[in-house]
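Residues take their numbers from the sequence shown, with the count starting at 1.
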Amino acid sequence: SYYAHSTAAPPGARQPEYGVPVLAVASGKAANITLHDAVVFATFYDGWELDDYPQAEGVNVKWWLPMAESPEGGGEHEV
């Protein structure tokens with residue numbers, strides 16, 4: 001499996017590829033929602049941005065993990 005060969009990385013160890021979404025454990029505050037160690041999709045630009053909460057402030061990512069590529073024909077299902 002893809003994840004058997006990938007390990008979660010603390011953000012200080014290395015950063016993900018610029019602009020590529022990853023699975024992350026993150027905290028931050030967006031409007032009336034406070035996230036604490038939430039599993040979210042996040043993207044690293046010049047800092048972290050939570051994909052579902054782009055206006056979130058004080059974003060802190062504890063760990064992140066790259067997502068697997070879709071297999072060829074991933075949208076096709078055999079019946």
Close side-chain approach of L50 and V59, heavy atoms under 4.5 Å: yes

Once side-chain contact (heavy atoms from CB on, under 4.5 Å) is applied, do any residues pair with V22, and if so which ones, sequence neighbours excluded? P16, W48, W64

Do any side-chain atoms of residues 27-35 form donor-acceptor pairs under 3.5 angstrom with protein atoms, and if so which ones, sequence neighbours left out?
unit_1 : atom_1 : unit_2 : atom_2 : d
S27    : OG     : D37    : N      : 2.9
K29    : NZ     : T34    : OG1    : 3.4

Tell me the ring-ring contact (aromatic ring centres under 6.0 Å, His included) pairs involving residues 15-42, sequence neighbours left out? Y18-Y45

Residues in side chain to side chain donor-acceptor pair (under 3.5 Å) contact with T43, at least two apart in sequence or another chain: D51

